[in-house]
Amino acid sequence: MLLDAGAVAIRNAVAAGEVTATAVCEMALERAARLNPGLNAFNHIDADHALRQAAAVDDRRRRGEPAGPLAGVPVAVKDNLCVRGMRTTASSRILERFVPPYDATAVARLDAAGAVLIGKTNCDEFAMGSSNENSAFGAARNPWNPAHTPGGSSGGSAAVVAARCVPVSLGSDTGGSIRQPAAFCGVVGLKPTYGRVSRYGLLAFASSLDQVGPFASNVTDAALALSVLAGPDPMDATCAHEPVPDLLPTLGDGIVGLRVGVPRAFVSEGVDPDVRAAFDATLDILRDAGATLVDVELPHARYAIPVYYLVATAEASSNLARYDGVRFGHRADPSAAGTLREMYFRTRDEGFGAEVKRRIMLGTYVLSAGYYDAFYLKAQQVRTLLRRDYEEAFARVDVVAMPTTPTPPFLLGEKADDPLQMYLADIFTVSANLVGLPAISLPCGFSREQLPIGVQLTGRRFDEATLLRAGRTLETRTSWHAATPPVA
Ligand code: GLN
């Protein structure tokens, strides 16, 4: 079925007039409606919006206008990206009825490329979490086994691609929220270089770390999606002016001579044996394909978790101050609220979930007078040391390889009551955000329980092309990416 064939195949079929965008859209809507009750991966499926967009693509084709690079490709976006006229909640009660008056730049670019937006995907509240259990609307489930987490925070976006409801979706990645769910669901997830994709219209969590990026069932589709999303945007001053290379022609060039750094000491501890075996096997495949493995050291990587949870919470406490019940979102019942102060307190108490409150409190604490130097400032200093670690590594290698996660997908409920255990699951992903580098997660095997495992490659600033080329090389030598979960 065409939905399983991926974005490039769908685009080509629509452009050639072999199938209409409307017919593809109907397939995606049918599959989404059938699978979502079990997956809880969509917060909102918008058939009217999708069919309107598909009809517009078909009209343009009939008029002989050029088909866009994603013409007729069904997509879904994480529910923290604004879509004009479509409910956008960040999986929070505080935005339960929020309808944005504008599109995020990433969403507008998908639209301009001819993509057909099926709906908004479930995530942890304000993207804070690693399991999707912090959603106000219940956790999304892993298509490979519904007792397990699809990962987080962009769990819904990973699940809908794994279940082949859509070939491409968008997520945001602040500390691993694209790569970790991609690994857990057996799909490709790419966190671009900080500044590669505009953050305009992304509901901010931690602004110096947040990046928008794609999920796809294969590397070619991920490259196509990034080429649509990337590039400067006058609406986001942190969006880079760096030229975007054509990512597709070099995908098949292979990796002869590529130097792959392996931080052996860092990845030696606390890694599940199945993950270790899949990682080691992947390194062998890279070597067989012509790469050279080089030992590298990232001496400060072991501080990445505390640094991340200081910087991210500090920025979150500031970013989330805007949700006060005055301009938009939930407002506590004014008749019960009393004074203005009480209205603020009640609004935030009713609107935010426990993890978001925990982070606002942590972040406010680490920024407060007397603690700023000991926590926030110290974290920023260690962040600089971490950046130097990576600069030294990239003087000797072209990419750095690690497992994406220390374990296969854990059970829903397994870590839900233990925030520290949950935070530790991000050990391999948070560094790329702290130093702003691009990183990709690629399917690289399965655990004994038949749950997906991912490998992560981190690259030089703005060198997504090398990550994609290495990923494509792995795809030609393995078939992990072609496996589909039982539900699909
Ligand atoms: N799991 C990390 C956190 O809870 C990362 C989340 C993200 O990347 N949005 O903060």
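Both counts, for ligands and for their atoms, begin at 1 and track the order of listing. Computed from a predicted structure; not experimentally measured. Just the heavy atoms: all of them, side chains too, but no hydrogens, waters or symmetry mates, feed the values below.
- For ligand 1, the polar-atom distance check against Gly175 finds a nitrogen or oxygen pair separated by under 3.5 Å.
- Here the protein heavy atom with the shortest distance to atom 3 (C) of ligand 1 is Tyr309 OH, 3.2 Å.
- For the pair Lys120 and Phe42, the cation-pi test (distance below 6.0 Å, angle within 45°) is failed.
- With no hydrogens or angles considered, a side-chain donor-acceptor pair links Ser441 and Thr404 at under 3.5 Å.
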- Task: Take Thr193 and Glu464 through the test side chain to side chain donor-acceptor pair (under 3.5 Å) and record every step on the way to the result.
- Result: CA-CA 8 Å; Thr193 309; Glu464 290 87 359; 2.7 Å; yes
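- Compare Tyr308, Phe205, Phe126 by their heavy atoms: the one nearest to atom 5 (C) of ligand 1 is in Tyr308.
- Residues Asn122 and Asp79 bring no donor and acceptor atom of their side chains to less than 3.5 Å of each other.
- The part of Arg359 lying near ligand 1 is the side chain, judged by heavy-atom distances below 4.0 Å.
- Every atom of ligand 1 with a heavy atom of Ala127 under 4.0 Å away is listed here by number and element: 6 (C), 7 (C), 9 (N).
- No side-chain N or O of Asp124 forms a donor-acceptor pair with one of Asn132 less than 3.5 Å apart.
- Residues Lys78 and Ser154 have side chains that bring a donor and an acceptor to within less than 3.5 angstrom of each other.
- Side-chain contact of Asn142 with Asn145: a donor-acceptor pair under 3.5 Å is absent, judged by distance alone.
- Looking from atom 1 (N) of ligand 1 to the surrounding protein, the closest heavy atom is Ser130 OG, 2.7 Å.
- Tyr309 and Asp426 are linked by a side-chain donor-acceptor pair at a separation below 3.5 angstrom, with hydrogens and angles left out of the test.
- At a 4.0 Å heavy-atom cut-off, ligand 1 touches Asp426 through the side chain alone.
- With ligand atoms numbered from 1 in the order given, ligand 1 contributes 9 (N) to contacts under 4.0 Å with heavy atoms of Ser153.
- Residue Ser177 touches ligand 1 through backbone and side chain together, judged by heavy-atom distances below 4.0 Å.
- In this structure, Ala312 has no heavy atom closer than 4.0 Å to ligand 1.
- Of the polar atoms of Gly129, at least one N or O is found under 3.5 Å from an N or O of ligand 1, judged by distance alone.
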